[in-house]
Every structure is written in C-alpha cells, then in structure tokens.
Amino acid sequence: MKKMYTPALFISLSLGMVTSYAQSYEPQGTTVKKVGCNVMLILQVALENDSTGDVANIQAALDGCFSLTCDLPCANGKKGRCAVITKAVVVSWSSLGAADRSKFHHINMLSGQGVSFVNSVGVPNETSTGGSWYRNEYSPKVYCHETMHLAGLKDHYRDCRANRLALGVDNCKDGDTCTAAQKAAGACPACHGYEDDLMGTDVTKAVDCNMDIIEVLRLANNPLNPEFICPDSCCEEVHRTVSLTNPSSGTVPKLYTGGLNEIDLLGSFMHFGDKDFHYNSWGFSGEYTRYCGNHPRIGATFDAGYYWYSEGQGDFKQNYGQLNLTAGITWRPCRDALDPAKKFAFSTHALAGISIYSEKYTSVGSNPTGGTYTYSQTSTTKSFTINVGAALDWKLSSSFKIRLPQVDYTPTFFYKGTQNNYRLSAGVGYNF
Amino acid sequence: MAITASAQTNFSMKLYAGSNASWGKSQYLSIDPQGHLRYDQGEVNKGIKDSLAFMLTTSQMAQLHDVINTIRFFSLDKTYNAQSLDGTRLSVEVSIAGKTHTVHWINIHTRESELLLDNLNLTLKSKGIVIHY
C-alpha cells in the first residue's frame with residue numbers, strides 16, 4: 001500500500017529535524033552552575049569575520065587550557081565525588097541565530113599581527129561581552145588569557161610602565177610597589193604567587209585550578225559553598241587513586257587533600273632559667289594536632305617534651321630534668337598551608353599546661369674508715385607554663401614534612417620567680 | 001617674531017604607544033622644551049631594542065604645539081575606553097606653561113589621537129620613525 005505523508009505529518013517531521021539539530025547553549029557567555037556534585041564552568045565564544053580554520057584553531061587553543069577537572073575535597077580532607085569541570089565552546093558568529101547571539105562572547109577576528117583585547121572584564125552568569133583577537137597572535141595561549149578575562153579575571157602582574165602608574169593601575173593590591181629598576185625598564189613582573197600563572201606576566205603559563213578556576217567560582221558566588229568543600233552527600237570513602245591531567249601543563253590540579261591529623265617528632269634545644277641561674281638543655285618533643293574539618297587551618301594541639309642537662313665538678317654532679325605537658329590551639333594563617341603545590345607551610349600556636357622540674361644532686365665522698373659513699377638528693381616541683389611559638393614546615397609530600405624550625409617561648413614560674421625559657425626544635429611530621 | 005616663535009614652542013611631551021598587555025611592542029618618545037627628542041623602541045618585559053635622539057627645529061616644535069591646540073588637548077578626557085583590557089594604547093602627557101595633562105586612548109582611536117599622530121609622524125618621517133598603536 002502506498003503511504004501518503006500529510007502536510008501535518010511533514011511539518012511535524014520538519015520541526016522534529018530542526019529541533020534535533022538545534023544546539024542548546026547556556027544563557028550567557030560565562031556560566032558557573034552546580035550539576036549534581038560538580039560545578040560546571042562553561043565559556044561560550046563566537047567569532048565574527050572568521051576565516052576558514054579560525055573556529056578550529058581557537059577551539060583547539062582553548063581546549064588545551066580549559067579541558068580541566070579540578071578536585072574539591074571533602075570536609076575530612078579526603079577525595080569525594082565533587083569536581084569543577086571547565087569547558088570552552090567556540091562557534092562562528094554567522095552560524096548563530098538571532099536568539100543565540102547574546103549567549104556568546106562576541107569576538108571580532110582581525111588579520112595580521114597585533115595584541116588581542118577584550119572590551120571589558122566579564123562577569124560570570126551575567127551579560128556576555130566581547131573583544132577583538134588577532135589571527136596571528138604571539139602565542140595560542142593568548143586566547144586562553146583573553147578568555148580568562150571573559151570569565152571574570154583581571155591581570156595579575158604589576159604594571160611598572162610610567163603611564164600605567166600614572167593611571168593608578170594596581171593589579172596586585174598587595175601594598176608592594178615597582179622598584180626603580182622595574183620602572184626604568186617598564187617591566188611587568190607577576191604579582192606574588194602568579195609567577196607560573198597565565199594571568200601573571202607570562203601568558204604561556206597554564207590555567208591553574210587553585211588560582212584561576214577557584215577565583216572565577218568566587219566571582220560567581222560559588223554555587224557549591226563558600227569554603228569549596230564537597231558536601232557530605234557527595235562524600236564517600238574512595239579507595240582508588242584518580243589521576244587527572246591538566247593538558248596544558250602536565251601537572252595534576254588538586255586542591256587541599258591532606259589529612260586532618262598530624263604528628264610531629266622533634267629534637268629540641270631548651271634554654272632554661274633566669275638571669276641568675278640558667279643553662280642549655282637538650283631533649284625531645286612530640287606533638288599531636290587534630291585540625292577542624294570545616295576549617296582545616298585551625299586545630300587542637302597536645303605537646304609533650306622532656307629536656308635534660310647535667311653538670312659536675314669532681315665528685316659532685318647535678319642533673320636537671322624538665323617535663324612539659326601543654327595543650328591549646330594551632331593556627332595556619334596562610335592558605336599556602338593547604339595548597340599541595342606550595343612547598344612551605346607556616347603555623348603559630350598558643351598552648352598552656354604544666355611543667356615538672358626535677359633536680360638530682362649526687363656526690364661521692366670518702367668514708368673516714370675507708371671506702372667511698374654516694375650521697376644523692378632529688379627534688380621535684382611543678383609550675384604552670386605556656387608555650388607560644390611558630391613553626392615552618394617543608395612539605396615533602398601530602399603526608400610527610402620536615403619541620404624546619406619551630407621556635408617557642410615557654411616561661412615557667414618555679415620558686416616564686418619567672419624563668420623566661422625558649423625552645424628551638426626541628427624534626428619530622430606525618431599527616432594522616 | 002623670534003620671541004613669539006620661542007614662546008609658542010615652550011612645551012614638552014612624553015608619549016607611550018604600543019602594547020597595553022604584558023606582551024607586545026612598545027614605543028617611548030619624549031620631547032623637552034628645547035626640542036631634544038628621544039625615541040626608544042622595545043618589547044614589554046624584554047627591554048629596549050632601539051634608541052634614537054635628535055633635535056627638532058623651531059618650526060617642527062611650533063607645528064606640534066599648533067596641533068595640541070587644534071585638538072584642544074587640555075580639554076580632552078583623561079582616558080578613552082578605560083574598561084578595555086590588553087590590546088594597545090596611546091598615552092600622551094603634555095606640559096605647557098606649568099600645566100600638565102595626560103590622555104590615554106585604550107584600544108580606541110579618536111579624531112584627536114589620529115590628528116596628533118599624523119602630525120607627529122610627519123615630523124618623524126625623515127628619521128624613519130612611525131608611532132602607531
């Protein structure tokens with residue numbers, strides 16, 4: 001039997017075909033949104049006056065920077081199911097219908113050599129912006145740098161060119177100023193911490209999860225939570241090791257994945273005493289710190305140490321021993337402490353507790369009737385003590401570190417006086 | 001007339017043309033009231049590659065002074081298109097009779113910037129210098 005397609009059926013089929021070919025785009029050029037346990041960062045760029053190959057070339061350049069997946073850790077520091085996933089979409093402006101054009105950052109392609117620019121810094125989840133990009137740019141990475149401006153980032157280099165200084169341009173906002181040599185050279189050094197970042201002075205550097213992607217999330221009022229912690233509903237014990245690659249740099253982009261427990265074993269030098277009586281003693285210290293899951297820069301610390309000193313003259317010998325037990329708060333003021341890419345971590349602590357001081361006098365004498373005798377006397381006393389200090393750690397890995405030194409002020413109040421003791425320690429630490 | 005000519009040329013100028021980003025070419029030019037001109041060309045973060053210094057004639061100085069008046073330089077805005085990032089810019093600082101004004105054109109050309117550069121480039125043509133951004 002011959003089938004006849006009615007007009008209604010034909011129209012339905014046509015609409016269906018149009019629907020199936022119609023792309024679904026985000027509503028603006030830079031989108032940050034939560035999808036399940038993940039946060040998506042999607043950048044949409046449309047090229048006008050594009051030549052053959054422009055879309056493919058720009059897409060390839062942006063894929064090299066933005067095909068990223070950045071981990072977001074759970075509150076206990078372990079890996080959960082949360083990630084920030086970035087993606088760039090590049091199309092030809094002429095391929096877009098009128099209804100879709102406002103959803104893209106509008107880039108005008110220019111021939112020849114020049115310095116590409118954007119019309120203004122973008123704002124995530126708000127109106128798209130645009131710019132002009134040169135086909136023959138200094139490096140394909142320039143398009144990544146410009147796209148990061150479209151995403152909302154400003155430059156992170158200190159502009160020491162005379163006229164820029166007069167304009168009041170201060171990209172770093174860290175209180176530092178250009179040196180005389182930098183001004184004379186018209187240099188543009190990176191802001192502190194951005195030496196290896198494409199928004200610093202070298203646009204050929206990589207997009208960084210912790211520096212760039214997290215900054216864009218902050219601008220979008222991070223849809224996950226202000227601390228960038230994976231919520232409990234997305235966290236579970238993950239026993240496998242996941243390897244993620246940042247194609248543009250070859251490094252593994254990770255946020256803080258360290259444990260919340262830390263043990264430090266240290267050799268210590270203790271200067272004990274006051275201006276009338278003092279000595280230098282040696283010993284060991286051990287510390288345990290448990291960091292807060294929601295605020296891993298603050299922790300509760302228990303510190304125990306024993307230090308001894310002996311001196312003698314002839315048959316007379318004196319031994320001194322000091323046992324300190326203190327507990328309190330440790331604070332890591334810099335975010336670098338949580339950043340696995342940073343090699344050093346600084347911490348301060350304020351503890352209080354008890355110090356037990358023991359003295360033993362031993363003398364060997366001669367008996368009038370011959371032979372020798374040994375006389376010894378031991379006394380022990382206790383005092384309140386505090387332990388206020390700071391430490392610098394050199395991170396060998398996410399688990400092991402070297403404490404490089406730790407400096408403490410540990411006064412005691414024996415014998416109705418004040419002993420202004422101080423302690424210098426160094427050793428190893430284990431984080432789990 | 002000589003006194004008038006020297007009064008008319010009593011100005012100084014500093015100019016930057018080129019990259020507004022952390023990469024790209026840069027041109028620096030300065031002219032003092034006596035007509036000493038210094039020109040440096042280089043790349044951002046890579047230093048100066050080429051330099052030139054010479055004297056402008058009284059008539060050349062007078063011509064530049066005229067174009068500064070023609071474009072009403074001291075009435076121009078301080079910045080044009082300030083919200084634009086990277087790209088190129090022209091920054092011009094002019095001092096006359098104790099008054100100083102600086103104008104920045106960022107990724108934009110106006111009639112005033114075109115007139116100023118056309119006149120300046122005419123003056124510099126014999127030395128093979130072309131100021132552009």
Side-chain angles (χ1 to χ4, degrees), chain A residues 108 110 113-123 129-134 137-139 141-143 145-150 152-169 171 181-182 184-191 194 197-205, chain B residues 12-31 38-51 76-95 100-109 113 116 130-133:
Chain A
N108 186 32
L110 300 171
Q113 276 191 324
V115 183
S116 300
F117 66 89
V118 297
N119 297 332
S120 59
V121 175
V123 181
T129 180
S132 293
W133 294 359
Y134 281 86
E137 250 295 353
Y138 164 70
S139 161
K141 288 280 181 68
V142 167
Y143 306 125
H145 176 94
E146 300 304 327
T147 303
M148 284 271 83
H149 281 320
L150 297 174
L153 301 190
K154 296 184 180 175
D155 288 309
H156 287 296
Y157 60 84
R158 202 180 311 279
D159 198 329
C160 298
R161 290 172 284 197
N163 300 111
R164 290 285 268 175
L165 290 171
L167 257 177
V169 172
N171 292 329
Q182 287 169 341
C188 296
C191 301
Y194 287 88
D197 191 88
L198 84 169
M199 304 312 289
T201 197
D202 187 349
V203 294
T204 65
K205 296 293 185 182
Chain B
S12 65
M13 175 191 286
K14 289 180 189 171
L15 176 152
Y16 172 89
S19 174
N20 191 44
S22 63
W23 70 95
K25 294 190 168 64
S26 54
Q27 296 173 297
Y28 297 87
L29 184 140
S30 65
I31 304 170
R38 182 181 172 87
Y39 170 76
D40 295 302
Q41 181 184 332
E43 271 191 69
V44 180
N45 279 331
K46 293 184 182 175
I48 301 296
K49 299 270 170 79
D50 198 17
S51 293
L76 295 177
D77 290 343
K78 285 184 181 170
T79 57
Y80 290 90
N81 202 23
Q83 68 279 5
S84 176
L85 280 92
D86 299 332
T88 54
R89 77 181 150 92
L90 173 70
S91 296
V92 179
E93 176 191 292
V94 173
S95 297
T100 301
H101 185 55
T102 308
V103 181
H104 307 272
W105 289 269
I106 302 170
N107 293 312
I108 194 169
H109 293 242
S113 67
L116 179 63
V130 179
I131 305 292
H132 62 94
Y133 71 104

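In what follows, chains carry the letters A, B, and so on, assigned in the order in which the sequence lines appear, proteins first and then strands, with residues in each chain numbered from 1.
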Participant: Checking A:Val142 against chain B: side chain, backbone, both or neither under 4.5 Å from a heavy atom?
Facilitator: side chain
Participant: Taking it one step at a time, do B:Ser22 and A:Asp155 satisfy side-chain hydrogen bond (donor to acceptor under 3.5 Å, both in side chains)?
Facilitator: CA-CA 9 Å; B:Ser22 63; A:Asp155 288 309; over 6 Å; no
Participant: Locate the shortest heavy-atom distance separating A:Phe117 from B:Leu85; write the atom from each residue and the value.
Facilitator: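 Scanning both residues, the minimum pair turns out to be CB-O, 3.0 Å.
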Participant: Give the minimum heavy-atom separation between B:Asn45 and A:Cys188, together with the two atoms involved.
Facilitator: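 Minimum heavy-atom separation between B:Asn45 and A:Cys188: OD1-N, 2.7 Å.
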Participant: Rounded to the nearest 0.5 Å, what separates atom CG in B:Asn20 from atom CG in A:Asp159?
Facilitator: 7.5 Å
Participant: Between CG of B:Asn81 and OG of A:Ser120, what distance do you get to the nearest 0.5 Å?
Facilitator: 9.0 Å
Participant: Which distance, rounded to the nearest 0.5 Å, do you find between the NE2 of A:His145 and the CH2 of B:Trp23?
Facilitator: 4.5 Å
Participant: Taking NZ in A:Lys154 as the centre, count heavy atoms belonging to other residues, nucleotides or ligands within less than 6.0 Å. Is the count above 12?
Facilitator: no
Participant: Please classify the contact between A:Ser116 and chain B as side chain, backbone, both or neither, with a heavy-atom cut-off of under 4.5 Å.
Facilitator: backbone
Participant: Taking all non-hydrogen atoms of both residues into account, name the closest pair between A:Arg161 and B:Val44 and its distance.
Facilitator: NH1-CG2, 3.4 Å
